[in-house]
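These numbers come from the heavy atoms of this one structure, side chains and all, not from hydrogens, waters or symmetry mates.
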Amino acid sequence: MNRMQTLLLLSLVGLLTACKWRDNPPLEGAIYCVEGYNQSLNPQVSNPGLVVSSISAQLYNRLLRLNPVTLRLEGDLADSWQVSRDGLTYRFHLRENVPFQTTPWFAPSRLFNADDVLFSFERIINPKHPFHGVSGGRYPFFDAQEMAKLIRRVNRLSDREVSFELWQPDAGFLASLASDYAVILSAEYGDQLVARRARAQMDSLPVGTGPFALLAYQPDEYLKLVRHPSYWEGQPPLERVVFDFSPSAARRVAKLLTGECQVAAFPAASQIDFIAQQTPLKLDIQTNLNTSFLTLNTDKAPFNQLKVRKALAMAINRRKLLDAIFYDSADEADSLLPPSSWAHNPNLTPYPFDPAQAKRLLTEAGYPDGFNMTLWVPPISRAYNPDPLKTAQLIQSDLKDVGIRLHIMQLKPYQMQLRLARRQQDAVLQSWVANTMDPDNFYRPLLSCQAKQSNANNFSSWCSPHFDLLLDKAIATNKLADRIADYHLAEALIKQDVPLIPLAHALTIHAFRPQLRQLQVDPMGGVAFKQAYLKD
């Protein structure tokens with residue numbers, strides 16, 4: 001950040017904290033220091049991530065939402081719903097008197113109704129919809145869920161009722177509708193943009209029904225939001241919320257200490273003890289559905305050999321990673337699915353750290369002297385991997401001990417995506433954060449045959465028809481015991497074939513100044529400011 005930007009931010013902080021309480025009103029606004037963000041402001045077309053979910057919670061609503069305390073689904077823009085006996089039809093009664101935001105680029109003439117639900121979902125599933133191809137025509141969350149193949153049609157029954165007809169039962173469908181990606185857009189705004197030939201503004205100048213509206217946005221610098229005074233759940237206490245995008249965890253904590261922000265997201269694990277010793281600061285530490293892992297390209301030699309993949313799994317010292325990278329703010333991963341998931345298999349154990357056995361497996365596979373390989377590494381620290389480069393260097397040291405010569409290549413996010421699309425990698429250091437509580441959201445996007453064929457997130461290129469059959473069986477029933485049994489078998493298949501090597505499940509950490517009250521951290525790691533307020 002240059003000197004002019006710093007002065008501008010400090011001036012903004014001075015403005016936000018200058019107000020005094022009168023009859024117990026809140027201070028004017030709060031600043032949230034968080035990782036950088038350079039995606040669309042419409043979560044439908046954005047790649048999954050914690051910052052995406054935080055932005056979604058301020059600007060938009062969904063039909064359903066996940067209660068952060070009970071972890072049960074509850075109504076959001078739908079106040080009730082029914083599911084047919086055969087599991088193929090979902091009928092929603094919509095909430096009344098919900099206004100869209102009024103912005104400099106849009107003034108709504110009507111309240112939210114069924115037309116907006118149809119518009120929002122038809123855009124995703126209907127290639128002929130006027131907005132389907134806008135912003136690249138990709139819907140990462142919904143593509144991974146194969147939503148276009150699942151939804152047969154969306155029906156407008158009345159202003160206040162809609163129904164979804166599915167091609168086959170899907171036990172995770174309601175959870176998908178409650179995700180931060182299933183946002184409801186304004187059909188009226190869409191009509192105006194079509195008339196103005198400005199359809200791309202749907203994703204860059206957003207309009208939603210959420211508690212805050214967009215004021216200003218500079219990618220990778222800041223996002224400024226202003227209170228939606230007619231918000232249907234009641235006017236938010238804060239007048240403004242500013243997202244200050246700061247990629248450096250140390251910089252975020254420094255701004256928190258000086259009062260330049262009231263909450264800092266995802267401090268480095270090495271900073272936790274220091275923050276805990278600072279009297280003015282508080283920590284919020286929660287379990288989260290995330291996993292860091294090493295993905296192996298099973299279509300490429302020598303990783304197409306099972307013994308080689310098992311050798312790699314046995315050569316990596318996960319305990320050392322936890323100590324050196326996460327500073328005990330993570331759990332060792334025994335499987336892809338985190339222990340906080342209801343479908344986690346507690347009977348699975350990770351491959352042991354056993355370099356001698358790893359060497360024997362390499363010899364049996366025809367590589368007694370090891371081999372050369374390249375590991376692609378993201379350059380940016382994340383909550384679920386605070387130091388990717390150091391993680392790669394520790395793996396490099398472990399693999400050297402068994403004769404594998406690892407070259408580390410750091411790639412910028414757009415470079416990584418382009419190259420991964422061509423499946424040129426040997427291995428890539430990855431992390432995954434769930435977007436719903438349903439375990440299908442872990443398995444299907446990362447390892448299904450469809451995810452391989454569609455060139456989506458299956459970067460292992462692993463395809464097991466038996467694995468896919470287990471996923472399809474699990475999603476087709478609402479019997480929890482049957483679903484758990486199928487997911488346990490699916491997890492056992494992953495361990496058996498080793499398309500990826502689970503490393504760690506990180507905790508989600510936020511640091512606060514005590515003046516900020518009632519900030520809600522959801523189970524997926526995002527934040528909601530709609531009830532937050534500042535108090536001296």
Problem set entry | Option from Asn297, Leu399, Val308 for which side-chain contact (heavy atoms from CB on, under 4.5 Å) with Met373 holds | Leu399

Problem set entry | Any side-chain donor near an acceptor of the partner, Gln271 and Tyr327, under 3.5 Å | no

Exercise. Roughly how far apart are Lys320 NZ and Leu394 CG, rounded to 0.5 Å?
Worked result: 5.5 Å

Exercise. Is there a donor-acceptor pair under 3.5 Å between the side chain of Glu146 and the backbone N or O of Arg444?
Worked result: no

For this session: Would you kindly say whether Ser179 and Asn435 are connected by a side-chain donor-acceptor distance under 3.5 Å?
Result: no

For this session: Tell me, with the steps shown, if Lys149 and Asp143 meet salt bridge (charged side-chain N to carboxylate O under 4.0 Å, His left out).
Result: CA-CA 9 Å; Lys149 293 184 177 180; Asp143 292 345; over 6 Å; no

Exercise. Lys452 pairs by side-chain hydrogen bond (donor to acceptor under 3.5 Å, both in side chains) with which of Asp299, Asn457, Asn458?
Worked result: Asp299

Exercise. Above 12 or not: heavy atoms from other molecules or residues under 6.0 Å from CH2 of Trp167?
Worked result: no

Exercise. Has the side chain of Arg405 got a donor or acceptor atom that lies under 3.5 Å from a matching backbone atom of Gly403?
Worked result: yes

Exercise. Looking only at heavy atoms, which two atoms of Leu296 and Ala427 are closest? And how far apart?
Worked result: CD2-CB, 4.0 Å

Exercise. Which distance, rounded to the nearest 0.5 Å, do you find between the NE2 of His510 and the CG of Leu519?
Worked result: 7.0 Å

For this session: Could you label the plane-to-plane angle of the Tyr217 and Phe245 rings as parallel, tilted or perpendicular, counting under 30° as parallel and over 60° as perpendicular?
Result: perpendicular

Problem set entry | Heavy-atom side-chain proximity of Leu336 to Leu447 below 4.5 angstrom | yes

Problem set entry | Atom pair CD1/OG of Ile325 and Ser292 - distance to nearest 0.5 Å | 10.0 Å

Exercise. Is there a donor in the side chain of Ser461 and an acceptor in the side chain of Thr298, or the other way round, less than 3.5 Å apart?
Worked result: no

For this session: Measure the shortest side-chain to side-chain distance between Leu337 and Glu491 over non-hydrogen atoms and say whether it is less than 4.5 angstrom.
Result: yes

Exercise. Which value, rounded to the nearest 0.5 Å, describes the distance between Leu489 atom CG and Ile494 atom CD1?
Worked result: 11.5 Å

For this session: Please check if the side chain of Arg252 supplies one atom and the backbone of Phe266 the other of a donor-acceptor pair under 3.5 Å.
Result: yes

Problem set entry | Note: Asp438-Arg483 ion pair, threshold 4.0 Å (strictly below) | yes

Problem set entry | Min side-chain heavy-atom separation Val402-Met314 under 4.5 Å | no

Problem set entry | Under 3.5 Å: donor-acceptor pair, side chain of Ser329, backbone of Phe326 | yes

Problem set entry | Donor-acceptor pair, side chain of Arg199 and main chain of Pro130, under 3.5 angstrom | yes

Exercise. Under a 4.0 Å N-O cut-off, is there an ion pair linking Arg65 with Asp522?
Worked result: no

Exercise. Could you give the distance from CZ (Arg309) to CH2 (Trp462), rounded to the nearest 0.5 Å?
Worked result: 9.0 Å

For this session: Please name the pair of heavy atoms, one in Ser46 and one in Tyr37, separated by the smallest distance, quoted to 0.1 Å.
Result: OG-OH, 3.6 Å

Exercise. Among Phe164, Phe173, Trp81, which one satisfies ring-ring contact (aromatic ring centres under 6.0 Å, His included) with Tyr90?
Worked result: Phe173

Problem set entry | Close side-chain approach of Val34 to Ser54, heavy-atom, < 4.5 Å | no

Exercise. Is there a donor-acceptor contact under 3.5 Å from the side chain of Asp398 to the main chain of Asn317?
Worked result: yes

Exercise. If only atom types and distance count, is the side chain of Gln201 paired as donor or acceptor with the main-chain N or O of Leu193 below 3.5 Å?
Worked result: no

For this session: Specify the closest pair of heavy atoms between Ser56 and Pro43, including all atoms of both residues, with the distance to one decimal.
Result: CB-CG, 3.6 Å

Problem set entry | Pairwise side-chain contact, Leu166 with Ile151, heavy-atom cut-off 4.5 Å (strictly under) | yes

Exercise. Going through the checks in order, is the side chain to side chain contact (heavy atoms under 4.5 Å, CB included) test met by Arg152 and Leu88?
Worked result: CA-CA 9 Å; Arg152 184 177 184 179; Leu88 295 178; over 6 Å; no

For this session: Indicate the ring-plane relationship of Phe131 and His129, choosing parallel, tilted or perpendicular according to the 30° and 60° boundaries.
Result: tilted

Exercise. Is a side-chain donor-acceptor pair under 3.5 Å present for Ser40 with Asn42?
Worked result: no

Problem set entry | Test side chain to side chain contact (heavy atoms under 4.5 Å, CB included) applied to Asn47 and Gln39, step by step | CA-CA 8 Å; Asn47 287 307; Gln39 298 189 58; 3.7 Å; yes

For this session: For Ser120 and Asp116, indicate whether the former's side chain and the latter's backbone hold a donor-acceptor pair under 3.5 Å.
Result: yes

Exercise. When you check the side-chain N and O atoms of Thr436 and Asn441, is any donor under 3.5 Å from an acceptor?
Worked result: no

Exercise. What do you reckon, is NZ of Lys473 surrounded by more than 12 foreign heavy atoms closer than 6.0 Å?
Worked result: no

Problem set entry | Residue pair Arg62, Asp180: steps toward the side chain to side chain contact (heavy atoms under 4.5 Å, CB included) verdict | CA-CA 7 Å; Arg62 295 147 294 285; Asp180 288 310; 3.8 Å; yes

For this session: Please name the residue in the list Thr291, Asp331, Asp334 that meets the side-chain hydrogen bond (donor to acceptor under 3.5 Å, both in side chains) test with His505.
Result: Thr291

Problem set entry | Pair Tyr443-Tyr487, ring pair (Phe, Tyr, Trp, His ring centres under 6.0 Å): steps then yes or no | CA-CA 9 Å; Tyr443 293 128; Tyr487 287 135; 5.5 Å; yes

For this session: Check whether any side-chain N or O of Asn290 sits under 3.5 Å from a backbone N or O of Ala506 as a donor-acceptor pair, and report yes or no.
Result: yes

Exercise. Can a donor-acceptor pair be found between the side chains of Arg72 and Asn67 at a distance below 3.5 Å?
Worked result: no

Seminar exercise, completed: Ala265 and Tyr32 have their tightest heavy-atom pair at CB-OH, 3.4 Å

For this session: Determine, stepwise, if the pair Leu362 / Ile404 fulfils side chain to side chain contact (heavy atoms under 4.5 Å, CB included).
Result: CA-CA 9 Å; Leu362 289 174; Ile404 297 174; 4.0 Å; yes

Exercise. Heavy atoms, side chains only, cut-off 4.5 Å: are Leu150 and Gln145 in contact?
Worked result: no

Exercise. Are any of the side-chain heavy atoms of Tyr60 and Pro206 separated by less than 4.5 Å?
Worked result: yes

Exercise. Side chain of Arg318, backbone of Phe353: donor and acceptor closer than 3.5 Å?
Worked result: no

Problem set entry | Side-chain heavy-atom pair Leu63, Phe121 within 4.5 angstrom cut-off | yes

Exercise. At their closest point, which heavy atom of Ala171 faces which heavy atom of Asn478, and how far apart are they?
Worked result: CB-OD1, 3.5 Å

Seminar exercise, completed: Heavy atoms of Lys310 and Leu361 approach each other most closely as CB-CD1, 3.9 Å

Seminar exercise, completed: Rounded to the nearest 0.5 angstrom, the CG-CZ distance for Leu185 and Arg123 is 6.5 Å

